[in-house]
Amino acid sequence: IFSFSKIDDDLLDELEMELIQSDLGLELTNQLINEIKRQKITSTSELRDFMFNFFLSIFNGMNSQLNIIPEKINVFIYLGVNGTGKTSAVGKMAYYLKNMGYSPIIAAGDTFRAAAIDQIKLWGERVGVDVIAQKEGADPASVVYNAIEAAKARNKNILLVDTAGRMHTKSNLLEELKKIERVVEKTLGYKASENLIVVDATLGQNVIKQVETFRNAVDLTGVILTKLDGTAKGGVIFNIVKTFKIPVKFVSIGEDKDDFEPFDPKEFIESFLP
Amino acid sequence: NLTGRLQDIFRRLRGKGRLSEKDIEEALREIRQALLEADAHYKVVKELLNNVKAKALQEEVFRSVTPAEQIIKILYYELINILGGDRSNINLGVRKPGIIFLVGLQGSGKTTTAAKLAYRLLQEQRRVVLVGADTFRPAAGKQLKVLGEKIKVPVYLEGKTPQEIIEGAIKFSQEKLADVMIVDTTGRLHIDDEMMKELEDLSKRFEPSEILLVVDGMTGQDAVNIAEKFNEILPITGVILTKLDGDARGGAALSIKAVTGKPIKFIGVGEKIEDLEYFYPDRFASRILG
Ligand SMILES: Nc1nc2c(ncn2[C@@H]2O[C@H](COP(=O)(O)OP(=O)(O)OP(=O)(O)O)[C@@H](O)[C@H]2O)c(=O)[nH]1
Ligand SMILES: Nc1nc2c(ncn2[C@@H]2O[C@H](COP(=O)(O)OP(=O)(O)OP(=O)(O)O)[C@@H](O)[C@H]2O)c(=O)[nH]1
Ligand SMILES: [Mg+2]
Ligand SMILES: [Mg+2]
């Protein structure tokens, strides 16, 4: 785009196509294109700067630091629809936190899906973090309770709770999440420090409905954006941050334990721009 | 809904006097918005709207007493045209066992769908073997094994590489007099050349009668990239679109079919083993339009 010689309708059409194909969505795309026209921008380098700032301003005031209460057990809950990368994110984040000097412990909170407990246990072994589990079919809230007790006994300061994938349209599954939250608050006397929704960058506009619905059930504190190593650009994240003011805290860029890093809005926007 | 919005548009436009050709443009913009919101691909939508416009002008929709309904009818016809004709079946080929590969991106639902497909074929009186050829994902074999046990289908997992596992599975299936073996594979990116080559080699070596691309029904614009690449490298015979029990409109279906021409054979509508349905183009067209 930025190799065009002038800003004309052809360029703006091309730009609209690129932005929509990046899952930015029609509303934000139209808003940006209209602002470009209103600004009467003449050079393509000016255009790139303008676009960069347009996107960067969406992240103004967003704090992507983790909420970690010192001297206490912090509970992080990982939630989201099926197959987005929650279990992998728990494993990678346990590894990340361990390297940061924290003492993480994992709760195998997906007691529903076939071999989910096996999967998270293997991740625990891979990154050297204890996994507290019960049998498949157990009440996830009871696993979380046990995990909190284990965290106290083993002097761990961050408990990462893996949960089963769930469609946001199933109210009984949202109730299950709320129950997990209540058990945390009841057992520790305070709420989970982080409720992280794990969002797959290849998914489209439905993600907005997902965030909206999950947010009505539990108080979301952050987004983890996964699978950015594919060809999807994850443009829907701009709409999410703008609409719900939930910070993106981490991105996952592959399947290895270290393919995981804190979210950097500038870096994300750089690779997002056409 | 869309019909309602189009009715409002034409009502307002008629209020200004007789409708003209260019009034169609506003209706087309509304349709475009609906389709993009449904995650249909930008280029697919553009071409579809050109066809709708040409038909609308040809039929002189703007002269009609019910222009909204008429445009919707044209749009429906065009959608169903793209989404495909008759219900497709599973082709088991002539050799025994017939071989089905399930391929696709990470987390799209291959392992779960393998078990669902096995269950469906069981109900059609086939002898089925499930093959766990995913040697990468932690506990992938166990996942398939647990699902297989639920439906009493043998699950073959022996071997260090996918090729070894499939070779052993063929012998096993022949001993069991199985009609079909369903091969679950590792999730992979279409841009991972090495992993795509692995699939290409497996496909050439074992010549499955079906290679089904499993795609998450909530996929956005990237659906075109994924489908194009897989279809370019492998003889894809069909597509299964999963996780359509949520409220995703599923525009990816339109994009994938338009770009590959390969039939969407099934849709996944839940996590249970029975949650696999045949794909019906007309039902799906309504879903996409919201
Ligand atoms: N390429 C790529 N694959 C990823 C990434 N994160 C996770 N995956 C893969 O995506 C697949 C699904 O990951 P899981 O961690 O099982 O996802 P999940 O959300 O826990 O799935 P459910 O519990 O079944 O809902 C696995 O094959 C992961 O290796 C990523 O950042 N990039
Ligand atoms: N709600 C819903 N969930 C589904 C559907 N199909 C699969 N899932 C879920 O999606 C998640 C991922 O499914 P898997 O079968 O593990 O996906 P996969 O493609 O084998 O994943 P990888 O092997 O990591 O590439 C699991 O939680 C499944 O239960 C569906 O149609 N609806
Ligand atoms: Mg999981
Ligand atoms: Mg799998």
Can you tell whether the side chains of Lys142(B) and Glu136(A) come within less than 4.0 Å, N to carboxylate O?
no
[X] [atom1] to [Y] [atom2] distance, which is reported to the nearest 0.5 Å:
X	Y	atom1	atom2	result
Asp23(A)	Asp222(B)	CG	CG	7.5 Å
Gln33(B)	Asn30(A)	CD	CG	8.0 Å
Ile20(A)	Asp39(B)	CD1	CG	11.5 Å
Asn82(A)	Thr112(B)	CG	OG1	8.0 Å
Gln221(B)	Thr231(A)	CD	OG1	11.5 Å
Glu271(B)	Arg113(A)	CD	CZ	8.5 Å

Taking only heavy atoms into account, what residues of residues 239-246 of chain B are found under 4.5 Å from chain A?
Lys243(B), Asp245(B), Gly246(B)
If you count heavy-atom pairs under 4.5 Å with chain B, which of [options] comes out on top?
options	value
Lys233(A), His168(A), Arg126(A)	His168(A)
Asp229(A), Leu122(A), Asp118(A)	Asp118(A)
Ala114(A), Gly230(A), Gly85(A)	Ala114(A)

Sequence neighbours left out, what passes ring pair (Phe, Tyr, Trp, His ring centres under 6.0 Å) with Phe260(A)? Give chain and number order.
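Here the qualifying residues are Phe250(A).
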Name the region of [X], side chain, backbone, both or neither, that has any atom closer than 4.5 Å to a heavy atom of chain B.
X	result
Gln210(A)	side chain
Val81(A)	side chain
Leu203(A)	both

Heavy-atom count check: over 12 atoms from other residues, nucleotides or ligands less than 6.0 Å from [X] [atom1]?
X	atom1	result
Lys249(A)	NZ	yes
Lys170(A)	NZ	yes
Glu30(B)	CD	yes
Lys145(B)	NZ	no
Glu194(B)	CD	no
Glu14(A)	CD	yes
Lys46(B)	NZ	no

Does any heavy atom of chain A fall under 4.5 Å from the side chain of [X], the backbone, both, or neither of them?
X	value
Ile191(B)	side chain
Leu105(B)	side chain
Asp216(B)	side chain
Glu37(B)	backbone
Arg137(B)	side chain

Quick one: closest heavy-atom pair of Ala139(B) and Ala115(A), and the distance?
O-CB, 3.8 Å
Which pair of heavy atoms, one from Leu36(B) and one from Gln205(A), lies closest together, and at what distance?
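Looking at all heavy atoms of both residues, the shortest contact is O-CG, 4.2 Å.
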Options Leu147(B), Leu189(B), Asp247(B), ranked by heavy-atom pairs under 4.5 Å with chain A, top entry
Asp247(B)
I need the residue from Arg249(B), Lys43(B), Lys229(B) with the largest number of non-hydrogen atom pairs under 4.5 Å to chain A.
Lys43(B)
For Asp9(A), what residues pass the side-chain hydrogen bond (donor to acceptor under 3.5 Å, both in side chains) criterion, not counting sequence neighbours?
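Not a single residue meets the side-chain hydrogen bond (donor to acceptor under 3.5 Å, both in side chains) criterion with Asp9(A).
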Could you pull out all residues at least two apart from Asn34(A) that satisfy side-chain hydrogen bond (donor to acceptor under 3.5 Å, both in side chains)?
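Per chain and number, Asn34(A) pairs via side-chain hydrogen bond (donor to acceptor under 3.5 Å, both in side chains) with no residue.
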Side-chain touch Ser88(A)/Gln106(B), heavy atoms, less than 4.5 angstrom
no
Can you confirm whether Met167(A) sits close enough to Met218(B) that some side-chain heavy atom of one is under 4.5 Å from a side-chain heavy atom of the other?
yes
